[in-house]
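Each remark here refers to the structure printed beneath this line.
In this text the structure is predicted, and so the values were computed from the model without any measurement. Note on naming: letters A, B, ... go to the chains in the order of the sequence lines (proteins, then strands), and numbering restarts at 1 for each one.
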Amino acid sequence: MAKNFYITTPIYYVNARPHIGHAYTTIACDTIARRQRLLGSDTYFLTGTDEHGQKIQRAAEAAGKSPQQFTDEVSAEFRALWDRMRITYDDYIRTTSDRHKRGVQELWRRIRDNGHIYKGSYTGQYCVFDELYVDVGPGQPCSECGRPTETVKEENYFFKLSAFAEPLLQLYTSQPDFIRPETRRNEVIAFVRSGLRDLSISRSTFSWGIPVPDDPKHVVYVWLDALANYITALGYGSDDPSKFKNFWPADVHMIGKEIVRFHCVYWPAFLMAAGLPLPKSIVAHGWLLFEESKMSKSRGNIVRTETILDVLGADALRYFLLREVVFGQDGSFSFDALVQRYNSDLANGLGNLASRTLAMITRYFKGEVPYPSNAAAHTGEEDLIAALAKHTINEFHELFEQHQFSRALELAWALVAAVDKYIVENEPWALAEKHDEHSRSRLATVLYTSAEALRIVTALAHPVMPEATARIWIQLGLGEIANASLADLRWGQLKLGTKLGKVEPVFPRADKSAIERMQMIEDQQRNPAGATEAQPATGTQAPPPSASQGSAPLNKPAPAATPDGKITIDDFSKVELRVAQVKVAEKVKGADKLLRLEVDLGTETRQILAGIAEAYAPETLVGRKIVIVANLAPRKMRGLESNGMLLAASLEGGKPVLAAFLEEVPVGARLK
RNA sequence: GGCGGUGUAGCUCAGGUGGCUAGAGCGACGGUCUCAUAAUCCGUAGGUCGUUGGUUCGAGUCCAACCGCCGCCA
């Protein structure tokens with residue numbers, strides 16, 4: 001009986017290029033989707049990009065592009081990457097698409113007509129980076145991210161979130177699995193219990209968004225816009241509601257832990273307000289942290305997925321992330337661990353088992369799967385392997401249902417180890433030396449048993465590693481793995497006489513140079529190409545840079561210089577110089593020389609401190625374009641954090657003169 | 001500060017409702033086979049189970065306090 005299964009990734013915010021954090025979420029979803037298809041479910045797997053908001057508008061301006069052109073490009077990059085990673089999404093939703101806009105407006109009307117939207121006004125601090133009103137005083141940094149806030153005064157629409165506290169708590173109680181893992185559920189319950197305030201759900205200070213129905217001066221708040229993708233992609237608000245009927249409510253919304261509140265509080269409240277069914281579960285995973293190695297810098301070490309694909313391939317990355325990281329917890333990524341895992345589990349483990357088993361069948365039985373004709377050739381050892389295989393299948397399914405990917409894979413690999421051991425103990429190569437009937441039957445039994453166990457592990461691992469398992473499947477003589485069914489996978493289905501395909505290594509062993517190669521590609525890619533900085537987004541699950549700062553030592557080694565004191569181009573390229581425009585300038589209390597500046601970098605606003613107060617009056621700086629070192633580690637002065645350094649000539653007597661351009665330059669442009 | 005979580009072998013982690021000498025994988029070291037991708041297999045490595053007090057015949061396993069780390073508190 002085919003059931004329907006609907007799974008979603010968050011839609012990724014296009015102010016950042018895709019990186020391994022995005023890949024992690026998407027891989028987990030793809031694996032689940034593939035497994036559901038093999039189980040016979042009618043599966044719908046949705047991903048997409050979140051393309052509205054002030055941040056995007058500004059990033060596009062900085063890049064000298066229209067918002068649409070800008071988002072077209074980044075969105076296409078995401079799709080290209082997913083294709084390379086063998087992501088089998090069924091639909092790709094963009095918030096700038098017409099179908100989405102229609103759906104969002106329909107959702108708005110429904111909520112409004114049900115009486116849950118009212119108009120109010122707001123005066124206060126706004127954080128552009130988080131697209132959020134924050135409850136801090138004027139001039140105070142954002143309570144979320146520490147970036148400077150802007151004072152805004154606007155009239156906008158509010159959602160009566162406060163009315164939904166009770167229904168939400170009831171939901172969490174009656175549906176314990178609604179939020180997983182439990183620690184996130186606890187947080188959400190605590191949050192809602194502490195009381196809910198109404199939520200501002202429109203903006204009128206910028207235009208890059210979806211117009212509010214009947215009041216186009218406002219655009220819909222990015223989170224209401226973004227969350228709605230889960231239903232607009234199914235045709236909600238369109239003429240064809242068939243997909244919506246089939247697949248909504250979603251089985252799984254997979255998200256990163258930083259967007260739990262939006263998905264577990266706002267989203268169900270919006271749906272309740274609209275009178276729509278609620279998703280069945282929201283699963284939050286942890287972040288991927290990047291292990292600090294001696295070679296890398298403390299910041300900017302967000303790994304591009306392409307690097308790994310280039311060197312080890314998609315399967316290796318997919319396997320690594322699901323096997324290494326305990327799902328739900330933070331995990332750490334390093335090239336070292338990746339190669340380690342690849343060699344021990346894939347090359348030496350599954351790959352070698354396939355290689356030795358299939359090679360022996362090829363050699364001893366002319367490439368046809370043998371089976372003993374003599375019952376006496378069958379011993380208790382085969383029963384043990386078969387029993388273990390059966391247990392593995394059952395447990396594997398169980399663990400996968402609970403999203404315990406690492407444990408599921410660990411379990412499957414225990415079967416690989418058991419078969420390796422079984423082979424050594426039975427020495428098929430020695431049996432092959434003898435030509436009596438019993439030895440021949442024993443040999444057939446041992447090789448059949450090994451091949452059958454291999455088949456089962458391969459089938460189980462297929463959703464995780466689609467390519468390699470497809471190749472093993474062909475080598476096993478079983479044809480197209482997509483036709484395999486996981487639902488009735490059981491021992492003994494491998495037919496005798498099956499003609500093997502050509503046997504060749506599936507996971508060639510990686511040597512140490514693989515690590516160096518990946519690190520080299522990363523270094524090259526990271527520095528020269530300026531482009532958009534891979535900053536984390538509100539709407540997506542990218543790990544913030546701070547996530548990796550815990551291990552950053554204070555005493556960084558100085559950049560290596562050549563003996564004559566000259567630096568290489570590589571050294572220079574580590575310095576990220578950018579054009580910034582001063583938005584706010586003021587004296588720092590108690591300091592004679594220090595000014596506090598808020599500068600616009602195109603993609604963000606930053607606070608920097610500069611010792612130029614004696615040469616420049618604050619009011620003369622506002623609006624001026626300056627040059628700053630954008631990737632300087634933050635530093636605190638007078639209790640304020642400086643995130644960068646401006647460039648100025650230092651004259652005799654210490655008088656600074658700011659660097660400037662003769663021609664017009666766009667904010668955010670990089671100096672090289 | 002409030003709430004929640006967490007601290008087990010070099011690393012990553014298992015260890016419902018307390019009970020034999022605390023486990024797995026990887027790494028490391030020694031050995032073995034030769035079908036296989038210098039792969040496999042075998043053996044070894046001795047961790048006060050964060051600290052200190054309790055409860056108990058008996059506690060990583062329950063309780064309290066403390067220390068460290070993490071998350072949430074729009």
Tabulate protein N/O versus nucleotide N/O from nucleotides 33-35 of chain B, keeping only pairs under 3.5 Å, one per line.
{"unit_1": "B:C35", "atom_1": "O3'", "unit_2": "A:Arg363", "atom_2": "NH2", "d": "3.4"}
{"unit_1": "B:C35", "atom_1": "O2", "unit_2": "A:Arg356", "atom_2": "NE", "d": "3.2"}
{"unit_1": "B:C35", "atom_1": "N3", "unit_2": "A:Arg356", "atom_2": "NE", "d": "3.4"}
{"unit_1": "B:C35", "atom_1": "N3", "unit_2": "A:Arg356", "atom_2": "NH2", "d": "2.5"}
{"unit_1": "B:C35", "atom_1": "N4", "unit_2": "A:Arg356", "atom_2": "NH2", "d": "3.0"}

Each nucleotide N or O in nucleotides 24-31 of chain B that has a protein N or O under 3.5 Å away: list the pair and distance.
{"unit_1": "B:C26", "atom_1": "O3'", "unit_2": "A:Gln340", "atom_2": "NE2", "d": "3.3"}
{"unit_1": "B:C26", "atom_1": "O2'", "unit_2": "A:Gln340", "atom_2": "NE2", "d": "3.3"}

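The cationic atom of A:Arg185 (NZ for Lys, CZ for Arg) does not lie both less than 6.0 Å from the six-membered ring centre of A:Phe178 and within 45° of the ring axis.
Annotation: A:Tyr24 is not in aromatic contact with A:Phe320 [ring centroid separation under 6.0 Å not met]. Taking the six-membered ring where the residue is Trp, the centroids of A:Trp108 and A:Tyr157 are separated by under 6.0 Å.
For the pair A:Phe507 CZ and B:A36 C1', the computed distance is 15 Å after rounding to whole Å. Atom-to-atom, CD of A:Glu187 to C1' of B:G4 comes out at 7 Å; the value is rounded to the nearest Å. As a whole-Å value, the separation of A:Ile189 CD1 from B:C73 P is 15 Å. As a whole-Å value, the separation of A:His263 NE2 from B:C72 P is 16 Å. In this structure, NE2 of A:His285 is placed 19 Å from P of B:C70, rounded to the nearest angstrom. If you take CG of A:Asp330 and P of B:U12, they are 13 Å apart, rounded to a whole angstrom. Nucleotide B:U37 holds its P atom 13 Å from the CG atom of A:Leu353, rounded to whole Å. Atom CH2 of A:Trp413 and atom P of B:U40 are 14 Å apart (whole Å).
Note on A:Glu437 versus A:Arg440: no salt bridge recorded, every NZ/NE/NH1/NH2 to OD/OE distance being 4.0 Å or above. Using a 4.0 Å cut-off between a side-chain N of Lys or Arg and a carboxylate O of Asp or Glu, A:Arg407 and A:Glu410 do not qualify as a salt bridge. Looking at A:Asp330 and A:Lys257, a side-chain N of the basic residue comes within less than 4.0 Å of a carboxylate O on the acidic one, giving a salt bridge. A salt bridge between A:Asp310 and A:Arg517 is absent, with no side-chain N of the basic residue lying under 4.0 Å from a carboxylate O of the acidic one. Salt-bridge annotation for A:Glu166 and A:Arg193: absent, with no side-chain N of the basic residue lying under 4.0 Å from a carboxylate O of the acidic one. We find that A:Arg180 and A:Glu182 are not joined by a salt bridge, their nearest charged nitrogen and carboxylate oxygen being 4.0 Å or further apart.
Among the heavy atoms of the strands lying under 4.0 Å from A:Asp420 are primed sugar atoms or P, OP1, OP2 only; no base atom is included. In this structure, A:Tyr422 reaches neither bases nor backbone, as no heavy-atom distance under 4.0 Å exists between it and the strands shown. Among the atoms of the strands shown, none is found under 4.0 Å from any heavy atom of A:Gly328. Using a 4.0 Å heavy-atom distance criterion, A:Arg184 is classed as a sugar-phosphate-only contact. Within the nucleic acid shown, A:Val265 has no heavy atom closer than 4.0 Å to any nucleic acid atom. Nucleic acid contact for A:Leu196: base, since at least one base atom lies under 4.0 Å from a heavy atom of the residue. Counting any heavy atom pair closer than 4.0 Å across all strands shown, A:Ala417 reaches sugar-phosphate atoms only and no base atom.
B:G71 adopts an anti glycosidic conformation, its chi angle falling more than 90° from 0.
Residue A:Lys421 places at least one side-chain N or O under 4.0 Å from the OP1 or OP2 atom of B:C42. Taking side-chain N and O atoms only, A:Arg509 has a distance below 4.0 Å to OP1 or OP2 of B:A39.
One C1' atom belongs to B:C29, the other to B:A22, and the distance between them is 23 Å to the nearest Å. When the C1' atom is compared between B:A9 and B:G15, the two are found 14 Å apart, to the nearest whole Å. On the P atoms, B:U51 is 15 Å away from B:G68, given to the nearest whole Å. Rounded to whole Å, the C1' atom of B:G47 lies 15 Å from the corresponding atom of B:U12. Comparing B:A24 with B:A45, their P atoms are spaced 11 Å from each other, to the whole Å. Using C1' as the reference atom, B:G1 and B:G16 are 35 Å apart when rounded to the nearest Å.
Using a 4.5 Å heavy-atom threshold, the side chains of A:Leu478 and A:Leu494 count as touching.
For the side-chain contact (heavy atoms from CB on, under 4.5 Å) criterion with A:Arg356, the lone passing option out of A:Asp420, A:Val419, A:Val503 is A:Asp420.
If you check B:G71 for Watson-Crick or wobble pairing at under 3.5 angstrom, you find it paired to B:C3.
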